Colleague: 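Please see the structure below; I have some questions.
Owing to the predicted nature of the structure, the values given are computational and were not obtained by experimental measurement. The figures that follow rest on heavy atoms only: side chains count, while hydrogens, waters and symmetry mates do not. Indexing begins at 1, ligand by ligand and atom by atom, following the structure's order.
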Amino acid sequence: MGMFEGKVALVTGAASGIGAATAQRFAQEGAAVIVVDMNRDGAEAVAELIRASGAQAHGVSADISRAEDNTAMVRAAIDTFGALDVAYLNAGAYAQLSFEEHDEATFDRMVAINLKGAYLGLKAVQPALSRGGAAVVTASTSGVIGLSVAAAYSAAKHGVIGLVRSASQAFAASGARVNAICPGPVATAILGVEGVPTITPADTLETVPYAGMLSPQHIAELALFLASPRSGGINGQYMIADAGFLASYPPMPQ
Ligand SMILES: NC(=O)c1ccc[n+]([C@@H]2O[C@H](COP(=O)([O-])OP(=O)(O)OC[C@H]3O[C@@H](n4cnc5c(N)ncnc54)[C@H](O)[C@@H]3O)[C@@H](O)[C@H]2O)c1
């Protein structure tokens, strides 16, 4: 039996990187997966990859910064697979530039996608999640510590953590949970590594060297844990996955 046998999992930002790895892992563990991304072809390609493996998946095109798209993706889960047990709100966008170079349009875009997108996603999934269900949101280590080369992104990710903490009682009241993941550097398109990650058996994932680059699957495995009953005692928290970089100061020489 897989960890999510008979369950329905929705993943945003699932055409690429962390989301694509997590969508595949949910499917391997028995879930029917709603594969959401603003990249319509990319979402459909990942859904097709999952179907080709023998599991169930449905691709949905959605811009998570729009309320109606968040409502529609939840409706797609209910209409297609009859329920929503897990939502991984992972889509996000990054803008790297100095504080002096930051402009209002960049700030607004970072907040619209990374913070408002998380807010709209949580608002849409909270009433729909089944009892015992869970939402997981991708924040960032730069939601915990400032990032001098990405101030708006960092500010938005700080906001995501405040949102998750603040929403935790509402989720608890409906028998569900919500938590955040704070990845350090992960080998995805955001850092120039394009494409849909390949998945390895979970027990063979390598230990990342101190402050090294994680694979998308390292984050996927944490998302599965936080989405599963195995983390049933954890609500309103964030978990850092950065190969130890922020754990102690000063940083270890490399
Ligand atoms: N890669 C890293 O080093 C890193 C570190 C910390 C946090 N994160 C976070 O991880 C999450 C996933 O990013 P990734 O690293 O897999 O990058 P990625 O670029 O591979 O994937 C992001 C996906 O989100 C989608 N997306 C972007 N804006 C969207 C929108 N408005 N609506 C719907 N989909 C949208 C993109 O089309 C893309 O498929 C993001 O929230 C990102 O901020 C990444």
Side-chain angles (χ1 to χ4, degrees), residues 10-25 34-47 49 59-74 76 87-96 108-122 124 135-147 149-150 152-161 163-164 180-197 208 211-220 222-223 238-243 245-246:
L10 178 154
V11 182
T12 71
S16 170
I18 294 167
T22 311
Q24 292 178 83
R25 285 293 292 121
I34 299 289
V35 180
V36 182
D37 206 287
M38 69 188 302
N39 172 356
R40 179 190 299 268
D41 292 346
E44 193 42 52
V46 170
L49 189 66
V60 173
S61 165
D63 176 349
I64 53 123
S65 66
R66 294 160 50 97
E68 56 270 38
D69 287 18
N70 283 277
T71 309
M73 74 186 186
V74 170
Y88 183 28
L89 305 174
N90 160 77
Y94 181 66
Q96 182 163 316
D108 286 348
R109 192 170 70 86
M110 287 297 100
V111 170
I113 298 171
N114 294 305
L115 180 53
K116 188 176 173 192
Y119 166 74
L120 293 172
L122 290 175
V136 181
V137 186
T138 307
S140 169
T141 47
S142 53
V144 179
I145 187 169
L147 190 55
V149 294
Y153 175 83
S154 175
K157 292 296 192 181
H158 274 75
V160 168
I161 292 171
L163 197 58
V164 164
I181 297 175
C182 295
V186 184
T188 70
I190 280 182
L191 296 183
V193 183
E194 302 283 343
V196 174
V208 182
M213 179 93 79
L214 280 71
S215 76
Q217 193 179 348
H218 283 110
I219 305 301
L222 183 51
Y238 65 84
M239 200 165 279
I240 294 176
D242 70 345
F245 186 60
L246 292 187

Colleague: Under 3.5 Å, side-chain donor or acceptor atoms of residues 38-46 against the rest of the protein: list the pairs with distances, not counting sequence neighbours.
Modeller:
{"unit_1": "Asn39", "atom_1": "OD1", "unit_2": "Asp41", "atom_2": "N", "d": "3.4"}
{"unit_1": "Asn39", "atom_1": "OD1", "unit_2": "Gly42", "atom_2": "N", "d": "2.8"}
{"unit_1": "Glu44", "atom_1": "OE2", "unit_2": "Arg51", "atom_2": "NH2", "d": "2.5"}

Colleague: For atom 27 (C) of ligand 1, find the nearest protein heavy atom and state the residue, atom name and distance (0.1 Å precision).
Modeller: Gly92 O, 3.5 Å
Colleague: Check each atom of ligand 1 against the heavy atoms of Gly17 and keep those under 4.0 Å away; list them by number with element.
Modeller: 16 (O), 20 (O)
Colleague: Any N or O on Ile18 sitting closer than 3.5 Å to an N or O of ligand 1?
Modeller: yes
Colleague: Using modelled atom types and a 3.5 Å cut-off, is there a donor and acceptor pairing between side-chain atoms of Asp242 and backbone atoms of Pro183?
Modeller: no
Colleague: Numbering the atoms of ligand 1 from 1, which are under 4.0 Å from a heavy atom of Ala189?
Modeller: 19 (O), 20 (O)
Colleague: Looking at Ser16, which atoms of ligand 1 are within less than 4.0 Å of one of its heavy atoms?
Modeller: 18 (P), 20 (O), 21 (O), 39 (O)
Colleague: Nearest to atom 41 (O) of ligand 1 by heavy atom, Val160, Val46, Thr141, Asn90: which?
Modeller: Asn90
Colleague: With only distance considered, is Asp63 within less than 3.5 Å of ligand 1 through an N or O on each side?
Modeller: yes
Colleague: In the protein, which heavy atom is nearest to atom 29 (C) of ligand 1, and how far is it?
Modeller: Met38 SD, 3.2 Å
Colleague: Out of Val36, Ile190, Ile113, whose heavy atom sits nearest atom 13 (O) of ligand 1?
Modeller: Ile190
Colleague: Can you check whether Val186 has an N/O within less than 3.5 Å of an N/O in ligand 1?
Modeller: yes
Colleague: Check this for me - ligand 1, Ile64, N or O atoms closer than 3.5 angstrom, yes or no?
Modeller: yes
Colleague: Any idea which atoms of ligand 1 are less than 4.0 Å away from a heavy-atom of Thr138?
Modeller: 9 (C), 10 (O), 11 (C)
Colleague: Under 4.0 Å, heavy-atom basis, I'd like to know which part of Ala139 is in contact with ligand 1: side chain, backbone, both or neither.
Modeller: backbone
Colleague: Is the backbone N or O of Gly143 less than 3.5 Å from a side-chain atom of Ser154, with the two atoms forming a donor-acceptor pair by type?
Modeller: no
Colleague: Which residue and atom name correspond to the protein heavy atom nearest atom 36 (C) of ligand 1, and how close is it?
Modeller: Asp37 OD1, 3.5 Å
Colleague: Which atoms of ligand 1 have any heavy atom of Pro185 under 4.0 Å away?
Modeller: 3 (O)
Colleague: So, does Glu194 sit close enough to ligand 1 that a heavy atom of it is under 4.0 Å from the ligand?
Modeller: no
Colleague: Against ligand 1, does Gly184 come closer than 4.0 Å with any heavy atom?
Modeller: yes
Colleague: To the nearest 0.5 Å, tell me how far Ile240 CD1 sits from Leu222 CG.
Modeller: 11.0 Å
Colleague: Considering distance alone, does some N or O of Asn114 sit under 3.5 Å from an N or O of ligand 1?
Modeller: no
Colleague: Using salt bridge (Lys or Arg N to Asp or Glu O under 4.0 Å) as the criterion, list what pairs up with Asp69, not counting sequence neighbours.
Modeller: Arg66
Colleague: Under 6.0 Å from the CZ atom of Phe245, do we count more than 12 heavy atoms belonging to anything else shown?
Modeller: no
Colleague: Using a strict cut-off of 4.0 Å, indicate which atoms of ligand 1 neighbour a heavy atom of Leu191.
Modeller: 3 (O)
Colleague: How far is atom 33 (C) of ligand 1 from its nearest protein heavy atom, and which residue and atom name does that atom have?
Modeller: Ala62 O, 3.1 Å
Colleague: So, Gln24 side chain and Pro197 main chain: donor-acceptor pair closer than 3.5 Å or not?
Modeller: yes
Colleague: Enumerate the atoms of ligand 1 whose separation from the nearest heavy atom of Tyr153 is less than 4.0 angstrom.
Modeller: 6 (C), 7 (C), 8 (N), 9 (C), 42 (C), 43 (O)
Colleague: Under 4.0 Å, heavy-atom basis, I'd like to know which part of Pro183 is in contact with ligand 1: side chain, backbone, both or neither.
Modeller: both
Colleague: Between CD1 of Ile219 and CE of Met239, what distance do you get to the nearest 0.5 Å?
Modeller: 11.5 Å
Colleague: List every atom of ligand 1 that sits less than 4.0 Å from any heavy atom of Gly13, numbering the atoms from 1 in the order shown and giving each element.
Modeller: 23 (C), 24 (O), 25 (C)
Colleague: Measure the CG-CG distance between Asn70 and Leu89 for me, rounded to the nearest 0.5 Å.
Modeller: 7.5 Å
Colleague: Please check whether Ser65 reaches ligand 1 - meaning an N/O of the residue sits under 3.5 Å from an N/O of the ligand, judged on distance alone.
Modeller: no
Colleague: What is the nearest protein non-hydrogen atom to atom 1 (N) of ligand 1, stated with its residue, atom name and distance?
Modeller: Thr188 OG1, 3.0 Å
Colleague: Give a yes/no on ligand 1: does Gly117 have at least one heavy atom closer than 4.0 angstrom to it?
Modeller: no
Colleague: Below 4.0 Å, non-hydrogen atoms only: which portion of Ala14 touches ligand 1? Side chain, backbone, both or neither.
Modeller: neither
